[in-house]
Amino acid sequence: MAIATPRPWSRWNVQQRVFALLLGALAAMAVAAGISVSLAPARISFSVANATTSRVPVQGSPGLLNGFYNLTLVANNTSRRTQVRFAAVSAQIWYSATGYVLAGEVDAAAALPGWRSPRDVAGVAFWAKYGQYDHKAGTARNGKAGKELKAEKATKQDCRVVVEAKVRFKYGLAVTMPYTIRVSCFHVNFSSSSNVSVQCS
């Protein structure tokens, strides 16, 4: 006749079972915490470089000029392990407390293609039209002097650049949900000849 042999688990007392369950829970929490840390957003820093202005002749309209702000947005993935992918990047140039111009749309897939590796530094060129001018008269065109002259005046003083980036992060095979990062870059001077890089925060 066969003799039933008690399973190892059945020989454990209540304290041993509770201890085993606690160890399992702690192990699961450690794994979850490790995944959470791995997928935490990488540290991406932004800065503005090469801030200048330019005036470009309007095609087909002799004497008319379009005024532009120009800048290079530098994105630095400071993470040691996490990759980042940019879905969109946009910028606003605030020349006063209430006035701003939108930078031209940038194709993030072309400007910052694929997954950017850890420690990667990349620059994206932006431009923003701030007015149209009559070269001969030296004034803003068609009575738009209010906003356009304020923007023109701001080319001689500090501006604030607001950057928004939509990104995903990747650690190994794990990919995060989309994140939106917004930063402000203060004291960007488009008339300065020193071309000092301005850190955003």
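What you see below is based on every heavy atom in this structure, not just the backbone, and it leaves out hydrogens, waters and symmetry mates.
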Exercise for the section: Say whether, by atom type as modelled, one donor and one acceptor occur between the side chain of Arg168 and the main chain of Thr176 under 3.5 angstrom. Expected result: yes
Handout entry: CZ on Arg160 to CG on Asp158, rounded to 0.5 Å
Key = 12.5 Å
Problem - Check against side-chain contact (heavy atoms from CB on, under 4.5 Å), Ser47 and Asn76 - result: CA-CA 8 Å; Ser47 59; Asn76 181 8; over 6 Å; no
Problem - Test side-chain contact (heavy atoms from CB on, under 4.5 Å) applied to Val121 and Val74, step by step - result: CA-CA 7 Å; Val121 179; Val74 180; 3.6 Å; yes
Fill in the blank from the handout: All heavy atoms of Thr82 vs all of Ser79, minimum pair found to be N-OG, 2.9 Å
Problem - Side-chain touch Lys166/Pro178, heavy atoms, less than 4.5 angstrom - result: no
Fill in the blank from the handout: Nearest heavy-atom contact between Phe46 and Ala165 is CZ-CB, 4.0 Å
Handout entry: Atom pair CG (Asp107) and CG (Leu112), whose distance is rounded to the nearest 0.5 Å
Key = 9.5 Å
Exercise for the section: List in chain and number order the residues that pass side-chain hydrogen bond (donor to acceptor under 3.5 Å, both in side chains) with Ser197, two or more places apart in sequence or in another chain; answer none if no residue qualifies. Expected result: none
Fill in the blank from the handout: By side-chain hydrogen bond (donor to acceptor under 3.5 Å, both in side chains), Asn66 pairs with (sequence neighbours left out) Lys129, Gln132
Handout entry: Side chains of Val161 and Cys200 in contact at under 4.5 Å (non-hydrogen atoms)
Key = no
Exercise for the section: Hey, can you tell me if Phe190 and Tyr69 have their rings parallel, tilted or perpendicular (30° and 60° cut-offs)? Expected result: tilted
Problem - Distance in Å, Ser201 OG paired with Phe186 CZ, rounded so as to fall on 0.5 Å steps - result: 6.5 Å
Handout entry: For the student: nearest non-hydrogen atoms of Ala103 and Ala128, plus distance
Key = CA-CB, 3.7 Å
Practice task
May I ask you to decide if Asn50's main-chain N or O and Thr72's side chain share a donor-acceptor pair within less than 3.5 Å?
Solution key: no
Practice task
Please identify each residue that fulfils side-chain hydrogen bond (donor to acceptor under 3.5 Å, both in side chains) with Glu105, with sequence neighbours left out.
Solution key: none
Problem - Closest approach of His187 to Val198 (non-hydrogen atoms, all atoms of both residues) - result: O-CG2, 3.7 Å
Problem - Nearest heavy atoms of Val106 and Val124, plus distance in Å - result: CG1-CG1, 3.5 Å
Practice task
Hey, could you give me the OG1/CH2 distance between Thr52 and Trp127, rounded to the nearest 0.5 Å?
Solution key: 14.0 Å
Practice task
Check for a donor-acceptor pair, side chain of Asn77 on one end and backbone N or O of Gln83 on the other, with a separation under 3.5 Å.
Solution key: no
Practice task
Give a yes or no answer on whether the side chain of Arg116 reaches the backbone of Arg85 with a donor-acceptor pair at less than 3.5 Å.
Solution key: no
Practice task
Would you check if Val175 and Trp115 make a side-chain contact, meaning some heavy-atom pair closer than 4.5 Å?
Solution key: yes
Fill in the blank from the handout: CD1 of Ile93 to OH of Tyr130, rounded to nearest 0.5 Å, is 10.5 Å
Handout entry: Arg182 and Val162: CA distance, side-chain angles, deciding distance, side-chain contact (heavy atoms from CB on, under 4.5 Å) verdict
Key = CA-CA 7 Å; Arg182 294 183 184 89; Val162 178; 5.6 Å; no
Exercise for the section: Start with the C-alpha distance between Leu73 and Val89, add both sets of side-chain angles, then the distance that settles side-chain contact (heavy atoms from CB on, under 4.5 Å), and finish with yes or no. Expected result: CA-CA 10 Å; Leu73 179 66; Val89 184; 3.7 Å; yes
Problem - Residue pair Phe86 / Ile181, side-chain heavy-atom distance below 4.5 Å - result: no
